[in-house]
Amino acid sequence: MTDHPPQVDRGATDADEQGLLARLVVLGITMLAVSSAVDVLPWTIDDITSLGRGEAVRPDERTSLPILGLAFGAMTLAGAVAGAVLLRVPVLRRPVWQRVVLAVALGAMIGLARIGAVALALPDGVPRVFGVAEAVVGSSQAAVIIGAAMYVVGTRRRIRAEERLRIREALRAERARRQLEQEELRVRREVSHRLHGGLQQRMILVNREIEEIRDELARAGEADLARSLTELSGTLDDIRESEVRAVAHQLYPLAADVDLPSALLLAADRLPPSVHLHVTYDPGAEQLYVGRRLPATDRMLLYLIIEEGIANAVRHGDAENIWVALGTDGDARPHQRDAGPHEPGAARVRVDDDGSGLPDDPPPLSGLAALRARVLARDGDLTLLPGPRGGVRLTASLPLAVRVDDGRTA
C-alpha cells in the first residue's frame, strides 16, 4: 500500500447538486411542453375558438401551429428561468416548507407563461374559465415536476451524506485501531528489548559470578558444591536461551523489523532438521510481501499466525513438511482510496502440513484462538480444517490496513 492518506469521497458538492436539480427541472418542463403541444393545447385551442365564436369550429392549422410553437417556447423559456433560479438559490439547504413554496411559485410562473402565450396568440383572447383552469393545471404539473426533482436530488444528497459519514466513521475507527496497534507495537518492542538487552545481560553477569564462585569452591576442594553450581549455571543458561529469549521473540517477532519472507527464512532455521518448510507465492502476490510494503502490525500478525500454524503442525501433528502460501484476496475496499484500482483488499496466508491431521478430540489451541480473535476484530477470517496433504490447513485472511496519516509505518 502507498504511504499517502486516503482521499475521502466527499460526494457531490452543492454546486453539482444544484446543477443536477436545474437540469432535471429544465428537462422535465421541456417534456411537459412537448406533451402539452402534442396532446393538451390543440384541444384547448379548439375549445377556446369554438366558445369564442359560439360554434364548434376547428381553427386553421396555420393558426394553431404558431400558437403551439409560441406556447412551447414560452414554457421552455420559463423552464430555463426556473432552472437558472434553482441553480443560484441553495434550495436543498432550505427547510421543506421553503422548498414547497419555491416549487409552487416556479410552477405558477411556468403555468402562467403557457396560458399567457396562448392568450396573446389568439385573436379573441382566452375566456376566463379556461384561463384559470389552464393556469391551475399547468402550474400544478410544473410544480409537481419541480418538487419531484427536488425530492430525487435531496434523496440522493442524503444518501451520499450518509455514505460520507459512514466512510468518516470507518476512517476514524481505522485511525483509532492503528494508533492502538502502534502503541502495542511500541510497548512490545520496549519490553522485548528490555528482556533481551537488560534481563539477559544481567543473567549472563550472574552466571559469570556463579562460575567464579564455582571455580573458587573447586580450588578449595568443595567438589560437590562446585558440581552443583555447574548444574545451576547450565540451568540458568537454558532458561536464558529457551525461556527469556523465546518470550522476547513472542513479544516482538522478527517480522516487525524485516519483511515476511525473510522472517520465515529465519524461522525455518530454528526448526528441527527433520522438518522442511516450503514457502510459495500465489500469482501476483510476491510484490506485496517482498520488502516492507505491509505495515509492521500486519506483518507481525501474519507472522504470528504462520508461526502458530508451524508450531502446531510440529507439536501436535508430527509433520515433516510444511507448506506456506502467501497470497491476496479481492480488491481494495471503497474507503481504501490510497489503493490503486488493482490493489488487493486483503492478505491471505495458508499453512498446510503432512502431519497426522485433526484428531477426533482436538486439544484446545489457545494461541490460535487468541490470534483468531485479533483477525476477526479486523473483519478478517481464520479457519483450521483438514488439509489436502493429510495434515491440516490453516487459512487466514487479513484486510490490509488503510493509511490514515502522513507518517510512514515500517
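Just so it is clear, the values below take in all heavy atoms, side chains as well, and ignore hydrogens, waters and symmetry mates.
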Checklist entry - Can you list the steps and then say if R219 with D215 is a side chain to side chain contact (heavy atoms under 4.5 Å, CB included)? => result CA-CA 6 Å; R219 286 193 294 269; D215 294 341; 3.8 Å; yes

Item to check | A22 versus G83, closest heavy-atom pair with distance | outcome: CB-O, 3.3 Å

Checklist entry - How would you list, by chain and number, every residue that makes a salt bridge (charged side-chain N to carboxylate O under 4.0 Å, His left out) with E169, sequence neighbours excluded? => result R172

Next on the checklist: I'd like to know whether I145 forms a side chain to side chain contact (heavy atoms under 4.5 Å, CB included) with M31, so could you lay out the CA-CA distance, the side-chain angles of the two residues, the decisive distance to 0.1 Å, and finally the verdict.
Outcome noted: CA-CA 10 Å; I145 290 174; M31 293 178 65; over 6 Å; no

Next on the checklist: Is the shortest side-chain heavy-atom distance between M150 and L102 below 4.5 Å?
Outcome noted: yes

Next on the checklist: Using side-chain heavy atoms (C-beta onward) and a distance below 4.5 Å, is Q141 in contact with R114?
Outcome noted: yes

Next on the checklist: Test your reading of the model: is there a side-chain donor-acceptor pair from R378 to the backbone of L398, 3.5 Å cut-off?
Outcome noted: no

Checklist entry - For the atom pair CG (L232) and CZ (R214), what is the distance rounded to the nearest 0.5 Å? => result 10.5 Å

Checklist entry - Backbone N or O of A325 within a donor-acceptor pair of the R350 side chain at under 3.5 Å? => result no

Checklist entry - Rounded to the nearest 0.5 Å, what separation is found between the CG atom of L260 and the CD1 atom of I306? => result 4.5 Å

Checklist entry - With a 4.5 Å heavy-atom cut-off, do L368 and L394 have their side chains touching? => result yes

Next on the checklist: side chain to side chain donor-acceptor pair (under 3.5 Å) for T230 and R227? Distances and angles first, verdict last.
Outcome noted: CA-CA 5 Å; T230 299; R227 191 179 307 109; over 6 Å; no

Checklist entry - Going by the side chain to side chain donor-acceptor pair (under 3.5 Å) test, which pairs reach into residues 73-99, not counting sequence neighbours? => result D14-R93

Checklist entry - Quick one: does D354's side chain have a donor or acceptor within less than 3.5 Å of a partner on E320's backbone? => result yes

Checklist outcome for this item: CG of L32 to CG of L27, rounded to nearest 0.5 Å, is 11.5 Å

Checklist entry - Considering residues at least two apart in sequence or located in another chain, which fulfil the salt bridge (charged side-chain N to carboxylate O under 4.0 Å, His left out) criterion with R315? => result none

Item to check | Gap between atom CZ of R374 and atom OG1 of T297 - 0.5 Å precision | outcome: 8.5 Å

Next on the checklist: Going by side chain to side chain contact (heavy atoms under 4.5 Å, CB included), L106 matches just one of I29, L86, V91. Which one?
Outcome noted: L86

Next on the checklist: For a quick test of reading the model, state the closest non-hydrogen atom pair linking T30 to F72 and the distance between them.
Outcome noted: O-CE1, 4.1 Å

Next on the checklist: To check you understand the geometry: which heavy-atom pair defines the closest contact between L112 and S139, and what is its length?
Outcome noted: N-OG, 4.3 Å

Checklist outcome for this item: Separation between CZ (R160) and CG (D16), nearest 0.5 Å, reads 8.5 Å

Item to check | Heavy-atom closest contact (G107 atom, I146 atom, distance) | outcome: N-CD1, 3.9 Å

Checklist entry - Do V349 and V324 have side chains that get closer than 4.5 Å, going by heavy atoms? => result no

Checklist entry - If you take all heavy atoms of A113 and A74, which pair is closest and at what distance? => result O-CB, 3.6 Å

Next on the checklist: Could you work out, with salt bridge (charged side-chain N to carboxylate O under 4.0 Å, His left out) as the rule, every residue matching R393, not counting sequence neighbours?
Outcome noted: D352

Next on the checklist: With rounding to the nearest 0.5 angstrom, report the CG to CZ distance, L171 to R166.
Outcome noted: 9.5 Å

Quick one: side chains of residues 281-289, donor-acceptor pairs under 3.5 Å with protein atoms, not counting sequence neighbours, listed by atom name and distance.
from : atom 1 : to   : atom 2 : distance (Å)
D282 : OD2    : R348 : NH2    : 2.3
Y289 : OH     : G327 : O      : 2.5
Y289 : OH     : R348 : N      : 3.4
Y289 : OH     : R348 : O      : 3.4

Checklist entry - Is the shortest heavy-atom distance from the side chain of L382 to the side chain of L376 under 4.5 Å? => result no

Checklist entry - Residues in salt bridge (charged side-chain N to carboxylate O under 4.0 Å, His left out) with E183, at least two apart? => result R186

Next on the checklist: Run L21 and E17 through side chain to side chain contact (heavy atoms under 4.5 Å, CB included) and show every step you take.
Outcome noted: CA-CA 6 Å; L21 176 60; E17 290 169 343; over 6 Å; no

Next on the checklist: For L264 versus L277, what's the shortest heavy-atom pair and its separation?
Outcome noted: O-CD2, 3.7 Å

Item to check | Worked check of side chain to side chain contact (heavy atoms under 4.5 Å, CB included) between L385 and T395 | outcome: CA-CA 8 Å; L385 300 171; T395 305; over 6 Å; no

